[in-house]
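Below, chains carry the letters A, B, ... as their sequence lines are ordered, and counting in each starts from 1. Excluded from the calculations below are hydrogen atoms, water molecules and symmetry mates; all remaining heavy atoms, backbone and side chain alike, are included.
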2 protein chains.
Amino acid sequence: MKANRPSAPTLRDIAEAVGVHTTTVSRALNPRTQNQVGADTVRRVRKAAKDLGYQPNPIALSLRTSRSRTVGLVIPDITNPLFPPIVRGIESALEAGGYSGWIVNTDNDPQRERKLIESLRSRQVEGLIVATARLEHPLLAELHAAGVPLVLVNRRVEGIDVPCVTADDAAGVSAAVAHLAGLGHTRIAHLAGPQTTSTGAARARAFRHAVRDLGLSDEPGLVVECAQWSEEAGASAARSLLDARTDVTAVVAGNDLIALGCYDVFGERGIDCPGDISVVGFNDMPFLDKLRPPLTTVHVPHHDVGVEAARMLLDGIEDPERPARSMLLPVSLVVRGSTAPR
Amino acid sequence: MKANRPSAPTLRDIAEAVGVHTTTVSRALNPRTQNQVGADTVRRVRKAAKDLGYQPNPIALSLRTSRSRTVGLVIPDITNPLFPPIVRGIESALEAGGYSGWIVNTDNDPQRERKLIESLRSRQVEGLIVATARLEHPLLAELHAAGVPLVLVNRRVEGIDVPCVTADDAAGVSAAVAHLAGLGHTRIAHLAGPQTTSTGAARARAFRHAVRDLGLSDEPGLVVECAQWSEEAGASAARSLLDARTDVTAVVAGNDLIALGCYDVFGERGIDCPGDISVVGFNDMPFLDKLRPPLTTVHVPHHDVGVEAARMLLDGIEDPERPARSMLLPVSLVVRGSTAPR
DNA sequence: CATCGTTACGCAATCGATTGCGTTGCCAGC
DNA sequence: GCTGGCAACGCAATCGATTGCGTAACGATG
């Protein structure tokens, strides 16, 4: 059974109504070819199109032009609260440009990612916004070499010149460390995100720089890498840290989920936060103010990240020769209840 | 610039390689028509297709067949934590059936919804999963009359026979009321969701039944309707309730966000939860265990809701004459820290 | 009047897959 | 040997929009 309306008007219907050929109808309705059709004919064609309720068939358009006015949004998992606001930002900018986005969830599985991207490309998506980049990412390199317009979100990739939109990780981590130092903390630990991601590496580097700049302890044992950007991995790393030492009074977590993992471990070990140990997260995902203690975190304007990524991609589709440029969005520290004076 | 790979093999390439017509290639590759082609030819065609890395062009397929193997997912807003797990459930069931889903966010705006659905339909989506139903919903009635396969999620619509997948609202609210009664509460209020939605109405009705069945006070003032399913509307309704009376010792909130609104009002009025007033939410959205107090709520298996909705829709696409059937998924009460003995 | 240039429009093909109908070849039965 | 039926395959059209090239008409100029 056909799911589509049985009698959608086509160019042919308009052509019959006006008494011209379908070529003329097509040209009259297309702003780029409209100058090839007489003004009176354009007027009559447009009127007929409106009267008949004509809408171009995007499928036919795609088949003929190999374009679809759609792009692919490649994210790890829409249930991660970080992504819905980004997706909404992307969507609003795409919509303003007459585009739509296909969302695919890779679950951080490279094989699944490849399959999903193949599927997107067979649907003629005109570019990809990718939020799943690893520092070394062969598939992205292939796509880039093939001329597929790409924009990365939240992470960079090495070796290829792809535009990306990220938060200002260095400024955010620096502000977090400065805030804790201002509260009198001198032994501050960092639960870093995976060092295979640019974000994990950048925030860890910024952490080391910040503690050095402030003359605080920068011994290597104060940085523990988490296997994933998740609460569970954060908890695991927090346990490792606290098993190894008892002198830490504050933690800068790679992101909010990792910070939640700290909360879990504090709970199981009777550690008071922020009385015994202060915690700062990163990202300001929803509902952090509802936690107890409300989480101090680095606010990232996620919706704006999405908007800028989509604009950047549309620019790249419009002008493929355009030099790749990246964007750092400003962050801000949101002080809530998880940090206190030492 | 074309975004697609420049040399994707077509049926024509296979036909040339094997020395048969493209019709034969098409039929050999299609399990439904394969019996019309000789076994040896099928073997040779399949080999050539594999060697050439042939993938059917979904755009061409859609244009010819008016089918797309895609469906539309119509939700209010992906940033509402309720929806990502539902979407993931939908996605996994669609994928198993060889389908993909287009997500559109209506922001609860009927005009936007109509425009987005038109757009989906012009892309030949084969059906719609709709999570935005109001009790009276002219657009859904039109779509149903036009034979568009539909499945509703979380809500019903009146007057048309459309299959839906909802949680067992009555059982959930009944369990919440019974739990509170078991703790000794006798004056229990209900902050109901909008009565223009089936969910709002069903939960309010179930509340009234439950308190009557348990011989508790059922005066009308104990039920306050929220204008939206949101934290802000929940807070507003909680203020109205507490302005009007001081004898309430427990609240059954229409959903978790409304319950968060209660938390907000308790905070601003120095009310202790659960010492002064207990609260039960509905849905068990993510991170409720991280709140202080951790929210007692009715757990809804969202992922399963999504899976069942997608299966139901695929069934309806496969067999349009299939009688509409609906599904109630079982819920369970999750007792955390927001409820205590009176 | 003839010629040239420009504008407006139509023809036919294309995109890549599917599908109804017709043709050909082969085999079995009379 | 002839006829009929069936299997395998090819032809041509279709889906709906775009696009290169050609043609016709008109106006301006010599």
Name each donor-acceptor pair under 3.5 Å that joins a side chain in residues 137-152 of chain B to protein atoms two or more places apart or in another chain, with its distance.
unit_1: B:H137; atom_1: ND1; unit_2: B:R134; atom_2: N; d: 3.0
unit_1: B:H137; atom_1: NE2; unit_2: B:E113; atom_2: OE1; d: 2.8
unit_1: B:E142; atom_1: OE1; unit_2: B:R114; atom_2: NH1; d: 3.3
unit_1: B:E142; atom_1: OE2; unit_2: B:R114; atom_2: NH2; d: 3.0

Output side-chain donor-acceptor pairs under 3.5 Å for residues 45-54 of chain A, partner residues at least two apart or in another chain, one line each.
unit_1: A:K47; atom_1: NZ; unit_2: A:D51; atom_2: OD2; d: 2.7

For residues 17-25 of chain B, which side-chain N or O atoms pair as donor and acceptor with protein atoms under 3.5 Å away, sequence neighbours left out?
unit_1: B:H21; atom_1: ND1; unit_2: B:T23; atom_2: N; d: 3.0
unit_1: B:H21; atom_1: ND1; unit_2: B:T23; atom_2: OG1; d: 2.9

Side chain to side chain contact (heavy atoms under 4.5 Å, CB included) between B:N30 and B:Q34, intermediate numbers included | CA-CA 6 Å; B:N30 184 344; B:Q34 191 184 116; over 6 Å; no
A:R121/A:E118 under salt bridge (Lys or Arg N to Asp or Glu O under 4.0 Å): CA gap, chis, key distance, verdict | CA-CA 5 Å; A:R121 296 195 62 211; A:E118 294 284 355; 5.7 Å; no
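Rounded to a whole Å, the CG atom of B:L63 is 12 Å from the P atom of D:dT18. Across the protein-nucleic acid pair, B:N57 atom CG and C:dA17 atom P stand 6 Å apart, rounded to whole Å. The separation between A:L11 atom CG and D:dT19 atom P is 12 Å, rounded to whole Å. Atom CD of B:Q124 and atom P of C:dT18 are 15 Å apart (whole Å). Atom-to-atom, CG of B:L52 to C1' of C:dG16 comes out at 15 Å; the value is rounded to the nearest Å. Across the protein-nucleic acid pair, B:E16 atom CD and C:dG16 atom C1' stand 14 Å apart, rounded to whole Å. Rounding to whole angstrom units, CZ of residue B:R123 and P of D:dC15 are separated by 22 Å. Atom NE2 in B:H21 sits about 12 Å away from atom C1' in C:dT19, given to the nearest Å.
Taking a 4.0 Å limit (strictly below) on heavy-atom distances, residues 22-48 of chain A reaches DNA chain C at A:T23, A:T24, A:R27, A:N35, A:Q36, A:V37, A:G38, A:T41.
Each of A:L73, A:V104, A:L120 was scored for a side-chain contact (heavy atoms from CB on, under 4.5 Å) with A:L128, with one residue passing: A:L120.
The salt bridge (Lys or Arg N to Asp or Glu O under 4.0 Å) search around B:D107 returns A:R88, B:R112, not counting sequence neighbours.
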Report, one pair per line, the protein and nucleotides 22-24 of chain D atoms (nitrogen or oxygen only) whose separation is under 3.5 Å.
none

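A donor-acceptor pair under 3.5 Å is absent between the side-chain atoms of B:E158 and the main chain of B:E136, judged by distance alone. The backbone N or O of B:K115 lies less than 3.5 Å from no partner atom in the side chain of B:S119, so there is not a single donor-acceptor pair.
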